[in-house]
Participant: 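Have a look at this one.
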2 protein chains.
Amino acid sequence: MTVSRTINGQRYVSPELRDQVLASIRALNYTVNKSARNTRNGSSAYCIGVLYSNPSSAYLNEIMLGGLQESSRTGAQLLLETCTGLASQKAALKKLLAAGVDGIILPPPLCDSRLTIETLKAEGIPTLALATARPLEDVSSVRIDDYQGALAMTRYLIGLGHREIGFVKGDPSHTPSDLRYVGFLAAMRECGLDIDPAFVVNGLFTYRSGLAAGEALLKKKKRPTAVFASNDDMAAAVIAVAHGLGIKIPEELTICGFDDTPVATTIWPSLTTIHQPIVEIGRAAVAILSEQIERQQKGEIPQPVHQVMKFTLMERGSSAPR
Amino acid sequence: MTVSRTINGQRYVSPELRDQVLASIRALNYTVNKSARNTRNGSSAYCIGVLYSNPSSAYLNEIMLGGLQESSRTGAQLLLETCTGLASQKAALKKLLAAGVDGIILPPPLCDSRLTIETLKAEGIPTLALATARPLEDVSSVRIDDYQGALAMTRYLIGLGHREIGFVKGDPSHTPSDLRYVGFLAAMRECGLDIDPAFVVNGLFTYRSGLAAGEALLKKKKRPTAVFASNDDMAAAVIAVAHGLGIKIPEELTICGFDDTPVATTIWPSLTTIHQPIVEIGRAAVAILSEQIERQQKGEIPQPVHQVMKFTLMERGSSAPR
DNA sequence: CTGAAAGCGCTTACAG
DNA sequence: CTGAAAGCGCTTACAG
């Protein structure tokens, strides 16, 4: 009793007793048993699974950072499971369910996996899709507005005086790719600018695909004065190609990306890009799921939550007036 | 009772009763209260803090990945705290202690912070230093042998026929920098090769410092046929400089790094480098600390553990015979 | 200011 | 095969 009061810093413990307790705590190497404390406080420890299929992505790492910040606040356990193909996806899901996760976060591209989502729905497990461009009505999501992001970036480039703007598309199987392209088109159209079909090239979100795209855009006689790549890895590759061709950045060519992953500030010049608050997105994901799990444990039926986070245009060294 | 047996899959529950229980579980959305279970099972939930000062590093992210894998196995909570200067370092430490962490992991460069380690020792909190090149006798550590790594890489380059080998040093305030340099020197000496002082340049482990180093090495009339940079970020920068100068890699110049961070496989050509099993290092760190915490909670005095992990030389596209 | 008693949700002998 | 009882380490009224 008195020990409890001492530890929790409550009033009504005489200084003498308090010191005695503190001394004993030291002597015995005593630490509070947090499980027991939680039991009494009625907060059941729960576990949130993260099922991902893109292990090398800096994106996931930042998500985990934010998720951890939040989960250590609420006391949730985070459980990571990785998968590659469809078969391993099923296996990974089964493993998470067997481990008794109470909720699941799906980072891209699994956020758009019909199969996974249906399985989870059947199990009655609260699910949250991350960075999907096509949020489902009944599955919670946290994302930014990719369309608005691309719109803002393109307007910025036009504002700098650029007219011939190249665009590198993203992986067509990822839902945001499309939105980013459409945002680009919309901004060009609203300013009455033509789009040279040769200035729009395909990419797959990888550095490698960015190299090919960069060469397709820059090795021609007529080349754009600015290139907007759908993500940072591809933008970094375009910069590398430009370096190789002796094109000065940003003096002779403006290049910008999307996402603001670590590579954006690693390379030189640093990349003008759309900053996604990825750490905050991870934090929000865990926070939303935590609440839903608590709801569900009380017997309520949690309502899906859709949160759209704010992006920021980061103006850095890779862009300049035409 | 019967519910408990059903959930834990023990024998001696009649099929009828079992189905009834399962049905009720579904109907009521029942989930086991893990805190209560832990209480009964005697396993106190504990919490491991990670105090870091290098937020953008891919290194930390991989450490966390491994740490999470292990902690979700043992049920430990991971708590992240970041700091920048000395003042915020003290504040962050205080915050972790106030949160009641039972053990602390110190990634580089904090792994060599005398102040932090002394504070933790005074508090009697098990501590583990990550990737320090100067492990203290009485503080647990997990690391690779940087000296052997640099030795292996340099021998590999010499084996390829290179004789004029450039070296980019790392941040002198990080303890592994020195060891990597010494390993390089040792391999050169054992093969009877001279080291041109102009071929050894300073760096700070940053991409930016790698650019300067690359220019210092490659813009001269007489340049090395291979460059060994003390980490991947700097090696990537040297590759960028080479691209800019129109030097073909690996045909005209071999470049290699150290660490095998994500950038090594992002860039093109991909980087020959020393692979640190960072995820496994994170896992080992949490495992070791977990055991020490359990020991301590039983009243025993945990002995420090020092684990040296194996590195691997990853041969990729950036290196070739002279 | 202090401490005996009850109860959090679970599991593990124990007795039927 | 089933269930009543005790106890894990904590905290919160409750009575002194």
Side-chain angles (χ1 to χ4, degrees), chain A residues 1-48 72-77 79 98-103 290 293-300, chain B residues 1-48 72-77 79 98-103 290 293-300:
Chain A
M1 197 35 298
T2 305
V3 172
S4 176
R5 272 200 279 257
T6 306
I7 287 175
N8 296 305
Q10 283 173 14
R11 293 165 310 175
Y12 307 132
V13 183
S14 68
E16 302 87 57
L17 242 185
R18 212 176 55 90
D19 289 350
Q20 214 171 313
V21 168
L22 255 29
S24 300
I25 285 180
R26 289 223 150 229
L28 298 169
N29 250 325
Y30 168 86
T31 48
V32 189
N33 182 321
K34 279 157 196 163
S35 295
R37 173 180 282 175
N38 284 338
T39 302
R40 181 55 243 241
N41 289 343
S43 58
S44 167
Y46 47 81
C47 176
I48 295 176
S72 52
R73 246 180 29 75
T74 62
Q77 252 312 319
L79 201 101
V101 295
D102 307 290
S290 296
I293 291 170
E294 279 168 21
R295 283 259 163 82
Q296 191 167 38
Q297 288 182 343
K298 275 192 223 150
E300 302 171 31
Chain B
M1 202 25 305
T2 305
V3 172
S4 177
R5 272 201 278 258
T6 306
I7 287 176
N8 296 307
Q10 284 173 13
R11 292 165 311 176
Y12 307 133
V13 183
S14 68
E16 303 87 56
L17 241 185
R18 213 176 55 90
D19 289 351
Q20 214 171 313
V21 168
L22 254 29
S24 299
I25 284 179
R26 288 220 152 233
L28 299 169
N29 250 324
Y30 168 85
T31 48
V32 188
N33 182 320
K34 280 159 195 161
S35 296
R37 173 179 283 176
N38 283 339
T39 302
R40 180 54 243 241
N41 290 343
S43 59
S44 166
Y46 48 80
C47 175
I48 295 175
S72 51
R73 246 180 30 75
T74 62
Q77 248 321 311
L79 202 102
V101 296
D102 308 290
S290 296
I293 291 170
E294 279 168 21
R295 282 260 163 82
Q296 192 166 41
Q297 288 182 344
K298 276 193 222 144
E300 303 171 28

Participant: Taking salt bridge (charged side-chain N to carboxylate O under 4.0 Å, His left out) as the test, write out the residues that go with B:Arg295, two or more places apart.
Facilitator: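 In terms of salt bridge (charged side-chain N to carboxylate O under 4.0 Å, His left out), with neighbours along the sequence ignored, B:Arg295 is linked to B:Glu291, B:Glu300.
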Participant: What residues, two or more places apart in sequence or in another chain, satisfy side-chain hydrogen bond (donor to acceptor under 3.5 Å, both in side chains) together with B:Thr39?
Facilitator: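 B:Thr39 satisfies side-chain hydrogen bond (donor to acceptor under 3.5 Å, both in side chains) with A:Thr39 once adjacent residues are dropped.
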Participant: Do you know the tightest heavy-atom contact between B:Ile48 and B:Ile293?
Facilitator: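 Minimum heavy-atom separation between B:Ile48 and B:Ile293: CG1-CD1, 3.8 Å.
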Participant: From C-beta outward on B:Ala36, which listed nucleotide comes closest to its side chain: C:dT2, C:dC10, D:dG3?
Facilitator: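 From the listed options, C:dC10 comes nearest.
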Participant: Can you measure A:Tyr46 atom OH to C:dC10 atom C1' for me and round it to whole angstrom units?
Facilitator: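 The answer, rounded to whole Å, is 20 Å.
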Participant: Given atom CD of B:Gln20 and atom P of D:dC1, what is their separation to the nearest angstrom?
Facilitator: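 Taking atom P of D:dC1 as the reference, CD of B:Gln20 is at 16 Å.
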Participant: Can you list the residues that meet the side-chain hydrogen bond (donor to acceptor under 3.5 Å, both in side chains) rule with A:Gln296, with sequence neighbours excluded?
Facilitator: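 Counting only residues at least two positions away or on another chain, A:Gln296 forms no side-chain hydrogen bond (donor to acceptor under 3.5 Å, both in side chains).
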Participant: Could you tell me whether the side chain of B:Gln20 and the main chain of B:Pro15 form a donor-acceptor pair under 3.5 Å?
Facilitator: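 No: the side chain of B:Gln20 does not pair with the backbone of B:Pro15.
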Participant: Nearest nucleotide by nearest heavy atom, which residue falls closer to the 5' end of DNA chain D, B:Val13 or B:Thr39?
Facilitator: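 Upstream on the strand: B:Val13.
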Participant: Tell me, which stems hold DNA chain D, with a stem being 3 or more Watson-Crick or G-U pairs in a row and both distances under 3.5 Å?
Facilitator: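 For DNA chain D the paired stretches long enough to count as stems (3 pairs minimum) are C:1-3 with D:14-16, C:5-12 with D:5-12, C:14-16 with D:1-3.
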Participant: Using atom CG of B:Asn33 as one end and atom C1' of C:dG9 as the other, report the distance to the nearest whole Å.
Facilitator: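 Going from B:Asn33 (CG) to C:dG9 (C1'), I get 6 Å.
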Participant: So, using side chain to side chain contact (heavy atoms under 4.5 Å, CB included) as the criterion, who are the partners of B:Ile7 when residues are at least two apart?
Facilitator: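 Result, side chain to side chain contact (heavy atoms under 4.5 Å, CB included) vs B:Ile7: B:Val3, B:Ile25, B:Tyr30, B:Val32, B:Arg37.
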Participant: Pick out the pairs of N or O atoms, protein on one side and nucleotides 11-13 of chain D on the other, that lie under 3.5 Å.
Facilitator:
from	atom 1	to	atom 2	distance (Å)
D:dT11	OP1	A:Asn8	ND2	3.3
D:dT11	OP1	A:Arg37	NE	2.8
D:dT11	OP1	A:Arg37	NH2	3.3
D:dT11	OP2	A:Ser4	OG	2.7
D:dT11	O2	A:Arg40	NH1	3.0

Participant: Where the side chain of B:Thr2 is defined as all heavy atoms beyond and including C-beta, which of D:dC10, D:dT2, C:dG3 is the nearest nucleotide?
Facilitator: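 So the nucleotide nearest the side chain must be D:dT2.
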